[in-house]
Structures are given as C-alpha cells and as structure tokens.
Amino acid sequence: MVEEEYFWGVQLDAKTKEIEWNPEKNFPKEEKEDGMPIPRHSLMIKQAILSHEAAEGEMAVIEAEAVGYAQANIKTLISVLVQGKDHQQSLDLVFHDAPVKLRLIKGSGPVHLVGAHGVAYRYMGEDDSSDDEDGMGEEIDEEDDEEEVDIKPPTKKIKKEETPAKGSPAKRGGKK
C-alpha cells in the first residue's frame, strides 16, 4: 500500500455557501480492473480561518454533512467564528467516506478551511498475507510480524503439551 497526502483548502463565502468533497465521483468502482490501483481517499480538516475581509462582529457558522458509521447521515456544526474575537480555530476532523458537504450556514465569510487530502493506493488482487516481492508492503509485513508475536505464546504451549508424547518410542514412528 502506498500513501500520499496533498495540501487541501477551500473558501466558503456569500457566493459559494456550499462545497462537496467527492474525489471518487469520477472514478466509478465498477470500472476498476485487476492490476489497477484502488485509491482510498480521506479528508483531514485542520483549521478554519475567518478572513480579515469579514465585517466586524460577523459570525460565521460552518456545518459538515457526511456519512458516519453504519451509513448514518450526520449533519453537525464544526466551527463558529466571530470577527474581532475568533479569527481561526484548530480542528482535527477526518472524513474517510465521500461525499462530504461543507456549508457556510450563517454569515458571509469568507471562511477558509485548510487541511490535507490523503490517498492510499491498494492494488486489485493484493491481500494482506502476500509476501512483499516489490518492496511496497513493508508496513504490512511489520503488522504481520506483530501478529506473529501474539500467536507465538499459544504455539509454545502446544509444543510443551506435545513434548511428553514425543518421548514415547511408539509415537516417534515405531523405532525399536
């Protein structure tokens, strides 16, 4: 799996009150072929900034609408900024499923949302248990090694239980 991050930013204002983040819109899932990379997108919003152009005392309210766990539609406020008091706000939001709609529901802004668009590529036919032949799956191999550590203690217990049975000549293949 290969992961990349790209700078991302949008401006919401009186003219553009809503944007939709949907990078998979032009890449239908049924068109993915064997050997083609399958991108998994994520949106990380790190900061909301109310522009200096906003009127004094103006309140800007930002809402996000996205799909949550079990395909639940979630619509909630993510930022409230007031010119003269709160010019910027740190956010730590991650959206793994597109589409995500971001709206300026109060005020005329401009409000800038800044973050990163993450893309992780996986190839069709690639599974987590395959050996790393091209050097691209080092993280998977490390995870597999950690899992093996968890599996080893039960294996040792089984070997200890088998050890007394192996001492018997009849169990070793009938040596006389």
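Note that these values count all heavy atoms, side chains included, but never hydrogens, waters or copies made by symmetry. None of these values were measured; they are calculated from a predicted model.
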Those residues at least two apart in sequence (or on a different chain) that pass salt bridge (Lys or Arg N to Asp or Glu O under 4.0 Å) with E63 are R103
In Å and rounded to the nearest 0.5 Å, what is the OG to CD distance from S108 to E58?
3.5 Å
With a 3.5 Å cut-off and no angle check, do the side chains of Q89 and S79 form a donor-acceptor pair?
yes
If every non-hydrogen atom of W8 is compared with every non-hydrogen atom of H117, which pair is closest and at what distance?
CB-N, 3.8 Å
For the student: nearest non-hydrogen atoms of A98 and N22, plus distance
CB-OD1, 3.4 Å
Spacing of OG belonging to S51 relative to NE2 belonging to H87, to within rounding of 0.5 Å
10.5 Å
First locate atom NE2 of H41, then atom CG of D97, and finally report the distance between them rounded to the nearest 0.5 Å.
11.5 Å
Please walk me through it: do L12 and I62 pass side-chain contact (heavy atoms from CB on, under 4.5 Å)?
CA-CA 9 Å; L12 297 172; I62 307 296; 3.9 Å; yes
Under 3.5 Å donor-acceptor, D86 side chain and Q88 backbone
no
Consider only side-chain heavy atoms of I, L, V, M, F, W and Y, link residues closer than 4.5 Å, and tell whether F95 and Y6 are in one cluster.
no
Cluster question for you: counting only ILVMFWY and a side-chain heavy-atom cut-off of under 4.5 Å, with indirect links fine, are V111 and W21 together?
yes
V114 versus F7: any side-chain heavy-atom pair under 4.5 Å?
yes
About how many Å separate NZ of K75 and CD of E65, when rounded to the nearest 0.5 Å?
5.0 Å
When every non-hydrogen atom of P39 is compared with those of Y121, the smallest separation belongs to CB-CE2, 3.8 Å
State yes or no: do L93 and L104 share one hydrophobic cluster built from I, L, V, M, F, W and Y residues joined by side-chain heavy-atom distances below 4.5 Å, directly or via other members?
yes
Can any side-chain N or O of Q47 pair as donor or acceptor with the backbone N or O of S90 at less than 3.5 Å?
no
Gap between atom CG of L102 and atom CD1 of I45 - 0.5 Å precision
4.5 Å
Hey, any chance V94 and V100 share a hydrophobic cluster, counting ILVMFWY side chains that come within less than 4.5 Å of each other, even indirectly?
no
I'd like to know whether NZ of K106 has more than 12 heavy-atom contacts from other residues, nucleotides or ligands below 6.0 angstrom.
no
Check for me, please, whether L43 and L91 land in the same ILVMFWY cluster - side-chain distances under 4.5 Å, paths through other members count.
yes
For L81 and L50 the tightest heavy-atom approach is CD1-N, 3.7 Å
If you look at every heavy atom in I78 and A64, which pair is closest and at what distance?
CG2-CB, 3.7 Å
Residue pair V10 / I19: nearest heavy atoms and the distance that separates them
CG1-CD1, 4.0 Å
